Amino acid sequence: MVLAGETILPVPGAARRPADPARAVAELERERPRWVWADAREDYPPLLSAGVRLSRCHDLALTEGLLLAAEGRYGEPRSARAAHARLRGLPVPDEQPSAPGTLFAPEPLAAEAVAEVLAGQLARIDALPDPGRFRLLVAAESAGALIAAEMGHDGMPWRRDEHDALLSELLGPRPVHGMRPARLQALADEVSAAFGHPVNPDSVRQLVKAFKGAGVAIESTRSWELKRIDHPAVAPLLAYKELARLHSFHGWTWADQWVRGGRFRPEYVAGGVVSGRWATSGGGALQIPKVMRRVVRADEGWTLVVADAAQLEPRVLAAMAGDVGLARAAGEIDLYSALAQSFGGERDNAKIAMLSAMYGGTSGDAPKLLAMMRQRFPQAYRFVEDAAKAGEEGRLVRSWLGRTSPPPSERWKEIVSGPDGGRAARDRGRFTRNFVVQATAAEWALALMAVLRGLLPDPARLVFFQHDEVIVHCPLDQAEQVIGAVSGAAAEATRLLFGRTPVRFPMEAVAVDCYADAK
DNA sequence: GGAGCGGGCGCC
DNA sequence: AAAGGGCGCCCGCTCC
């Protein structure tokens with residue numbers, strides 16, 4: 001095992017930091033070690049900039065977070081430094097992720113300390129209920145950290161000329177900074193005209209007041225509520241809201257900040273969501289509107305291989321719960337169609353039933369459909385009900401590989417024991433109900449990416465990941481190989497998590513020139 | 001004039 | 001038709 005971090009121990013006897021760390025790392029990488037480092041988010045980008053890529057790692061910070069949660073110590077500082085202080089019984093430093101270039105960056109953790117923390121973590125993993133699964137979780141989470149850094153480094157192809165054309169088409173030409181684009185101003189004027197006085201369409205308060213003055217009582221300005229209203233201001237207002245969002249979230253200013261050299265480079269945060277999903281800390285890569293997909297185009301002579309897992313969450317539920325009936329339906333490509341006959345012949349009913357079971361839905365037809373689910377698929381039904389019950393009682397739940405939900409807050413405990421505790425309890429029940437499914441789906445997706453990354457031929461690159469969807473950018477002549485790698489990776493991820501299961505996890509990939517053409 | 005929060009809505 | 005999980009982000013607005 002080779003230890004790395006900020007501190008690098010290349011070979012025994014050479015305990016000093018080498019003159020050219022990146023080169024030393026690159027040489028050692030030929031042995032394909034599992035690198036151990038404090039925090040890939042900080043340690044990997046400099047290596048990537050130096051042209052070095054690593055195949056495997058153990059990320060102490062991410063692992064510490066997983067372990068603390070599993071041990072019921074969620075919320076304690078999870079940095080390698082903090083973990084080391086806990087081991088030594090020293091004061092634990094506060095969580096302070098130092099931004100790159102921080103003036104007072106802490107001294108790097110010594111290699112000996114890294115080794116100590118690692119040994120401590122491996123021992124703690126052995127003490128868990130299912131160390132084998134947890135080790136897989138740690139490996140997948142760590143691989144995710146590598147991939148997140150690489151995707152941030154490589155960036156997703158983003159054509160600024162197409163982006164500008166799209167914005168101009170929808171909003172009018174780029175305005176002077178701080179001004180509304182022409183189309184937005186025209187819509188705002190229409191809204192004001194409809195009320196007969198100036199109204200700021202960005203102000204909820206002004207809108208509610210204006211509608212009230214026009215004799216229309218509304219609770220909110222949510223678009224579904226506005227759509228039920230008959231008033232001339234509604235149409236321009238809805239159009240305004242949609243375009244204003246595009247302008248402020250993914251407009252010219254956004255592109256100035258996030259797009260360089262034909263690449264959109266967001267900052268992904270592996271494990272940034274409690275469920276294990278990724279988050280972003282800038283750039284909003286996980287909320288790019290579908291209309292923007294036409295802006296994502298492969299380089300000349302290259303292609304985009306776009307792949308998404310079909311109905312991932314219900315399949316995960318079927319596999320976890322070991323529900324034979326649901327697993328049989330999940331052996332089909334379209335799971336909901338396969339379920340339709342169990343829900344009165346309607347595919348939509350099957351979908352509502354499954355989503356309500358996984359999200360805790362109670363409105364509309366949900367109660368009726370859930371009753372049918374309880375009868376037809378008792379094991380799957382019980383699986384999510386048990387998770388909900390655990391949450392309502394303030395207990396913790398775990399994903400398939402052992403990611404543990406955060407505990408309820410002290411405030412929650414107060415409220416729940418009070419007179420109106422039912423609402424808070426049900427809210428938490430919905431959270432834990434969803435957690436077990438969402439977190440396991442995230443694990444499957446991480447495993448998929450980790451395997452896929454290892455199968456990609458150079459210079460193919462993962463350039464986008466969004467919960468259950470990946471994009472690989474590769475030369476045209478690698479398209480077929482990459483498409484094969486995707487389905488191979490999906491099968492391997494399924495095997496890694498669930499072993500032999502009748503549940504299928506279809507991951508169909510297509511090679512396209514433009515992201516918008518993928519669906 | 002900056003921090004913090006709720007509304008609203010994009011994605012899954 | 002309208003409500004159920006997870007996020008990030010911008011806006012208006014309040015408060016200090």
Side-chain angles (χ1 to χ4, degrees), chain A residues 178 180 184 188 199-209 218-229 237-238 240-251 253-254 257-258 266-293 308-314 316-317 348 351-367 369-370 384 387-388 391 397 399 403 405-406 423 426-442 444-445 464-470 515 519:
Chain A
R180 275 194 183 122
L184 276 184
V199 175
N200 179 359
D202 287 320
S203 168
V204 175
R205 178 169 298 191
Q206 287 187 35
L207 285 169
V208 171
K209 199 172 154 198
I218 49 170
E219 294 275 318
S220 71
T221 61
R222 290 192 178 92
S223 58
W224 60 262
E225 189 165 355
L226 292 175
K227 281 173 192 157
R228 298 186 311 188
I229 297 172
L237 178 56
L238 289 172
Y240 176 89
K241 279 160 148 300
E242 195 179 330
L243 293 177
R245 195 187 154 82
L246 205 64
H247 177 239
S248 65
F249 276 63
H250 292 99
T253 311
W254 171 89
Q257 189 180 354
W258 295 103
E267 189 181 346
Y268 291 97
V269 185
V273 178
V274 291
S275 65
R277 278 185 172 182
W278 287 16
T280 53
S281 71
L286 303 180
Q287 292 109 259
I288 296 168
K290 287 186 173 177
V291 67
M292 289 252 155
R293 291 183 181 184
D308 73 313
Q311 305 144 350
L312 179 56
E313 294 191 344
V316 157
L317 173 57
D348 264 7
K351 189 171 174 178
I352 291 169
M354 293 304 299
L355 293 178
S356 300
M358 294 184 299
Y359 292 161
T362 54
S363 70
D365 290 337
L369 294 166
L370 284 172
V384 284
V397 294
S399 68
R403 189 186 302 270
S405 67
R423 168 67 195 263
R426 282 192 299 278
D427 284 351
R428 182 157 180 88
R430 277 194 301 277
F431 168 66
T432 50
R433 168 194 293 272
N434 184 252
F435 181 92
V436 293
V437 178
Q438 188 184 112
T440 304
W444 184 89
F464 186 64
F465 169 56
Q466 188 179 39
H467 312 310
D468 61 358
E469 177 178 15
V470 296
Y515 186 18
K519 281 191 179 170

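Lettering of chains follows the sequences in order, A, B, ..., and the numbering in each one begins at 1. Keep in mind it's a predicted model, so treat the numbers as computed, not measured.
- One interatomic measurement links the two molecules: NE2 of A:His467 to C1' of C:dC7, which rounds to 7 Å at whole-angstrom precision.
- Contacts of A:Gly364 with the nucleic acid, taken as non-hydrogen atoms under 4.0 Å apart, are absent.
- Judged by distance alone, with hydrogens and angles left aside, A:Arg277 brings no side-chain donor or acceptor close enough to the base of C:dC7 to form a pair under 3.5 Å.
- In this model, no side-chain donor or acceptor of A:Arg222 finds a partner on the base of B:dC9 within 3.5 Å.
- Using a 4.0 Å heavy-atom cutoff across all strands shown, A:Phe249 reaches at least one base atom of the nucleic acid.
- A:Glu225 places a side-chain N or O within 3.5 Å of a backbone atom of A:Glu219 that can act as its donor or acceptor partner.
- Using a 4.0 Å heavy-atom distance criterion, A:Gln466 is classed as a sugar-phosphate-only contact.
- Using a 4.0 Å heavy-atom cutoff across all strands shown, A:Val274 reaches sugar-phosphate atoms only and no base atom.
- For the pair A:Leu246 CG and B:dG10 P, the interatomic distance rounds to 10 Å; values are reported in whole Å.
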Can you tabulate the close N/O pairs, meaning under 3.5 Å, that link protein atoms to atoms of nucleotides 1-6 of chain B?
none

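- In the region residues 279-286 of chain A, proximity to DNA chain C at under 4.0 angstrom, judged on heavy atoms, holds for A:Ala279, A:Thr280, A:Ser281, A:Gly282, A:Gly283, A:Gly284.
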Report, one pair per line, the protein and nucleotides 13-16 of chain C atoms (nitrogen or oxygen only) whose separation is under 3.5 Å.
residue, atom, partner, partner atom, Å
C:dC13, OP1, A:Ser203, OG, 2.6
C:dC13, O3', A:Arg205, NH1, 3.4
C:dT14, OP1, A:Arg205, NH1, 2.6

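- Across the protein-nucleic acid pair, A:Ile352 atom CD1 and C:dA3 atom C1' stand 12 Å apart, rounded to whole Å.
- Residue A:Ser356 places none of its side-chain N or O atoms closer than 4.0 Å to OP1 or OP2 of C:dG4.
- In terms of phosphate contacts, A:Lys241 brings no side-chain nitrogen or oxygen within less than 4.0 Å of OP1 or OP2 of B:dG8.
- Across all strands, A:Arg426 comes closer than 4.0 Å to no nucleic acid atom at all (heavy-atom distances).
- Across all strands shown, A:Ser223 has heavy atoms under 4.0 Å from sugar-phosphate atoms exclusively, and none from any base.
- Counting non-hydrogen atoms under 4.0 angstrom, A:Leu312 reaches nothing in the nucleic acid.
- Across the strands present, C:dG4 finds no partner; the criterion is a Watson-Crick or G-U wobble pair with both atom distances under 3.5 angstrom.
- The side chain of A:Asn434 approaches C:dG6 more closely than any other nucleotide in the set C:dC11, C:dG6, C:dG8.
- If you check every strand for non-hydrogen atoms under 4.0 Å, A:Arg430 touches sugar and phosphate atoms only.
- Look at A:Tyr359 and the base of C:dG4; the rings do not stack under the cut-offs of 5.5 Å between centres and 30° between planes.
- Within the structure, every side-chain polar atom (N or O) of A:Ser220 is placed at least 4.0 Å from both OP1 and OP2 of B:dG7.
- Counting any heavy atom pair closer than 4.0 Å across all strands shown, A:Ser363 reaches sugar-phosphate atoms only and no base atom.
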